[in-house]
Amino acid sequence: MKIQTSRAIAAMAAACVIALLFVPASSASAQTSSQVKAQIAQAYTSVLSAESSGGNVTSLVAKLNSAVSLVQQADALNATDPARAQSLYSQASALAQQVISAAPAVAAAGRAAVFDAQVSLAVETAALAALAVLAYLYVPRLYWGYWYRTHSDWRVKKA
Amino acid sequence: MIDDDLKVAAVGVIVLIAVFNVSGYYLANRNVEPFSELGLLGPTQKIADYPTNVLTGQNFSLDLYVGNHEGEPSYYQVLTKLGTSANANQSVPLDAPAIATYGMVLMNNQNVTEPITLSLDHNGTNVRLVFELWIYETNTTSFHFYTSDWLYLNVTGPSA
């Protein structure tokens, strides 16, 4: 019984040590330049998708440009100040992730805006068609009514 | 007879308005012939006053102009390379390592003028400073060469 308890304690301690070793490594994993560039490329793909759905991607493109700029700065600093470079890579990665997460909402808003624009275009076209029918039926009458009002004081002269 | 003319004129005007309305909706933001632009500007942001003689290791400034008319946002990279007059070809990328890389994402019909500062480490006469425009393509998930511009420089002074 005593042996089993000590084995269990040893196993738990080993598990804790392993967990402590892995948790910091995964939470502060180093971002490499190529990884962040791949994330930016993925973010760009999601921006294109949102834009093709009719979304306004101006703010996403601005964020993407900030990420690209941070990676350029980090690449320049990587050899001389790796800690600062790593911080810049992390910031760029966070921006790329923000773009990736925001893109579906922008795409959905774009689809809604496109639908609204199509509905208003259809309503405008239907209104113009109705106006064309009304014009066809009533323009001659309106014209002659107007003509009569403006020429009612005319007198016919004998030749 | 006049009645028919009036009907035709009134309906014609309305049909014309409808056609402009519908075509304006469908043709808005369509680029008939998509293209991108790469330009190299002198220090005064004009197509003039380019440096011709620079000192080794000394900084000099230029402006890169990139324009997007691809009909969608585009992700660009401009690679700066060094070549000679012997291998000048605008339609193929120069087989040389990039000495600097500039990235940017532009909206459709947007352009950017980016100031850059460079310095060259080796002496040389008629050194070709090449700027290559590459565009990211999502179907191949890689950058593809688009075009290039260059500038000839005489680099003088003690080699670093």
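Worth knowing before you read on, the calculation uses all heavy atoms, side chains too, and leaves out hydrogens, waters and symmetry mates. We name chains A, B, ... by the order of the sequence lines, and we start the count at 1 in each one.
Taking the side chain as every heavy atom from C-beta outward, B:Tyr102 and A:Val68 never approach each other to under 4.5 Å. The shortest side-chain heavy-atom distance between A:Tyr44 and B:Thr138 falls under the 4.5 Å cut-off. Residues B:Ile2 and A:Trp144 meet the side-chain proximity criterion, which asks for heavy atoms closer than 4.5 Å. Between A:Pro140 and B:Lys7, some side-chain heavy-atom pair lies under the 4.5 Å cut-off.
Both the backbone and the side chain of A:Gln118 come within contact range of chain B, each with at least one heavy atom under 4.5 Å from a heavy atom of that chain. Heavy atoms of B:Glu137 lying under 4.5 Å from chain A are absent altogether. With a 4.5 Å cut-off on non-hydrogen atoms, B:Phe143 does not touch chain A at all. For A:Tyr143, the part lying near chain B is the side chain, with the backbone staying farther off; criterion is any non-hydrogen pair under 4.5 Å. With a threshold of 4.5 angstrom between heavy atoms, A:Leu48 approaches chain B through side-chain atoms but not through N, CA, C or O.
Put simply, OH on A:Tyr136 and CG on B:Leu6 are 12.0 Å apart, with the number rounded to the nearest 0.5 Å. A distance of 8.0 Å separates CD1 of B:Ile17 from CG of A:Leu131, quoted to the nearest 0.5 Å.
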Worked verdict on B:Met107 versus A:Val57 for side chain to side chain contact (heavy atoms under 4.5 Å, CB included):
CA-CA 8 Å; B:Met107 297 286 289; A:Val57 296; 3.8 Å; yes
